[in-house]
Amino acid sequence: MSKPHTTSGEGRVEEDRRPDLATETFLTHRNLLFTVAYEMLGSAADAEDVLQETWLRWAGVDLGAVRDQRAYLVRITTRQALTRLRTLARRKESYVGSWLPEPLLTSPDVAEDVELADSVSMAMLLVLETLKPTERAVFVLREVFDFDYDEIAGAVDKSPAAVRQIAHRAREHVAARRPRGVVSADETRAVLDAFRLAIQTGDVQGLLDLLAPDVVLVGDGGGVKQAAPRPIVGSGKVARLLVGGFGKVAVPVALEPVQVNGHPALVIRLDGELDSVVAVRIDDGRVTGLYAVRNPEKLAHMEHQTSLRR
């Protein structure tokens, strides 16, 4: 984000002031813009690229002509994210094994905003993956960030009437697939603690008591780390895989509770080294989804906390 420089006189004062204001405004809204891009892409690395592209365009804008700087920045970010979504779609077609969103080690304030935490949960991001790009953008901007239809229309190049229809369609689509009820952090933490204990002690029956009969385990190794090539369905298969898999590991294994995407999750370390992140989906008190990310390229944001904002 380098600033342009001038060489002399009054022009220098005036021109230096403008990029300073542009930078200050961008940094003020940076966490919001990152959150918009991340929710649209499910990839922190791509969200960072979108922010860089947003900055390059924002730096050339005449700020005096911008009525609502926050909305204008979100519009640029949304358009860049929509372009990046199409690139991601092609990349996913050649991805080895199952694709999962990139997990984020989130700051405590994310969990305190229940609606934000719900919108960035691994389970919800996977639901958003089933939307078309424009539907995803409209849903995120309307349902998560509460932008009005006119503002969204400018971001996605549609009429406000069309945006209303898209929003209605996306809302119904998500409602049919999202977790059935809001699960408190305390309940999730209790289930995870019991889950961790069952794995560490090799308690298959204990796992079966926690897992829903139709639980799905999805592993993402990206072709770099070993992971199940396809989702594993069924409590018996999942329990045996987990207990058997951890039982074969020859080095010390640590399962550490952390906050991932605003929810309690587990970090697995083998011999002290970060190996994978496991997020869960809970419905009606039982685990219905396990999402294990092992691809090293997706674990970069697990080394430091990420702040998300609405």
Side-chain angles (χ1 to χ4, degrees), residues 34 38 41-49 91-92 95-108 110-111 120-123 125-126 185 188-189 191-204 206-207 210-211 215-232 237-281 287 289-308:
F34 176 85
Y38 176 71
L41 300 170
S43 165
D46 285 286
E48 292 284 2
D49 288 345
R91 196 188 307 167
K92 289 172 189 173
Y95 196 80
V96 178
S98 300
W99 183 94
L100 287 174
E102 188 175 342
L104 302 177
L105 184 67
T106 45
S107 50
V110 176
V120 297
S121 70
M122 294 288 277
L125 289 175
L126 284 172
T188 302
R189 196 172 294 110
V191 170
L192 270 178
D193 286 344
F195 178 80
R196 181 168 52 133
L197 180 62
I199 290 177
Q200 290 173 330
T201 58
D203 183 1
V204 175
L207 278 176
L210 293 168
L211 303 175
V215 63
V216 178
L217 185 153
V218 183
D220 179 346
V224 181
K225 289 287 190 76
Q226 183 178 358
R230 291 176 297 278
I232 298 171
K237 291 181 180 179
V238 170
R240 287 191 296 272
L241 174 73
L242 291 172
V243 171
F246 280 99
K248 295 176 183 177
V249 178
V251 297
V253 179
L255 282 73
E256 304 173 0
V258 293
Q259 283 280 331
V260 169
N261 290 49
H263 294 270
L266 294 175
V267 160
I268 299 173
R269 296 186 185 275
L270 302 184
D271 202 21
E273 295 295 325
L274 176 61
D275 176 81
S276 52
V277 173
V278 180
V280 300
R281 169 173 172 166
V287 176
L290 289 163
Y291 313 110
V293 180
R294 297 195 71 202
N295 184 348
E297 294 181 358
K298 293 188 176 183
L299 298 180
H301 281 73
M302 291 302 299
E303 300 299 334
H304 56 84
Q305 289 185 346
T306 299
S307 294
L308 302 175

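As a basis for the values below, the full set of heavy atoms in this structure was taken, side chains included, without hydrogen atoms, waters or symmetry mates. Keep in mind that this is a model prediction, so the values were computed, not measured.
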Could I get the full list of side chain to side chain donor-acceptor pair (under 3.5 Å) partners for Gln200, not counting sequence neighbours? none

How many angstroms lie between atom CG of Leu104 and atom CG of Leu125, to the nearest 0.5 angstrom? 8.5 Å

State, to 0.1 Å, how close Ala292 and Val278 come at their nearest heavy-atom pair, and which atoms those are. CB-CG2, 4.1 Å

Output all residues satisfying side chain to side chain donor-acceptor pair (under 3.5 Å) with Lys237, sequence neighbours left out; order by chain, then residue number. none

Not counting sequence neighbours, which residues clear side chain to side chain donor-acceptor pair (under 3.5 Å) with Ser307? List them please. none

Atom of Gly206, atom of Ala198 and distance for their closest heavy-atom approach: C-CB, 4.2 Å

Beyond-backbone contact of Met302 with Pro103, side-chain heavy atoms, under 4.5 angstrom: yes

With side-chain contact (heavy atoms from CB on, under 4.5 Å) as the criterion, how do Asp46 and Arg91 come out once you've worked through the C-alpha distance, each side chain's angles and the decisive distance to 0.1 Å? CA-CA 12 Å; Asp46 285 286; Arg91 196 188 307 167; 3.2 Å; yes

For the residue pair Ala44 and Glu102, what are the closest heavy atoms and their distance? N-OE1, 2.9 Å

So do the side chains of Val280 and Phe195 get within less than 4.5 Å of each other, counting heavy atoms only? no

Contact between Thr106 and Leu308 at the side-chain level, heavy atoms closer than 4.5 Å - yes or no? yes

Any Glu303 side-chain heavy atom under 4.5 Å of Leu274 side chain: yes

How far does CG of Asp49 sit from CG of Leu41, to the nearest 0.5 angstrom? 9.5 Å

What is the minimum heavy-atom distance between Pro264 and Ala185, and which atoms define it? CG-O, 3.7 Å

Could you note down all residue pairs passing side chain to side chain donor-acceptor pair (under 3.5 Å) where residues 240-260 supplies at least one of them, sequence neighbours left out? Glu256-Arg269

Please report the interatomic distance CG(Leu192) to CG(Leu197), rounded to the nearest 0.5 Å. 12.5 Å

Rounded to the nearest 0.5 Å, what separates atom CE in Met122 from atom OH in Tyr291? 8.5 Å

State which residues pass salt bridge (Lys or Arg N to Asp or Glu O under 4.0 Å) with Asp271; sequence neighbours excluded, sorted by chain then number. none

Side chains of Asn295 and Tyr95: donor-acceptor distance under 3.5 Å anywhere? yes

Return the CG to NZ distance between Asp220 and Lys298, rounded to the nearest 0.5 Å. 3.5 Å

Nearest heavy-atom pair of Ala194 and Leu210: which atoms, and what distance? C-CD1, 3.6 Å

Side chain to side chain donor-acceptor pair (under 3.5 Å) partners for Asp275, two or more places apart: Arg294

To the nearest 0.5 Å, what is the distance between CG (Leu207) and CG (Leu242)? 6.0 Å

Is any side-chain heavy atom of Thr306 closer than 4.5 Å to one of Phe34? yes

Counting C-beta onward and ignoring hydrogens, is there a side-chain heavy-atom pair between Val253 and Leu270 closer than 4.5 Å? yes

For a quick test of reading the model, state the closest non-hydrogen atom pair linking Val216 to Pro231 and the distance between them. CG1-CB, 3.8 Å

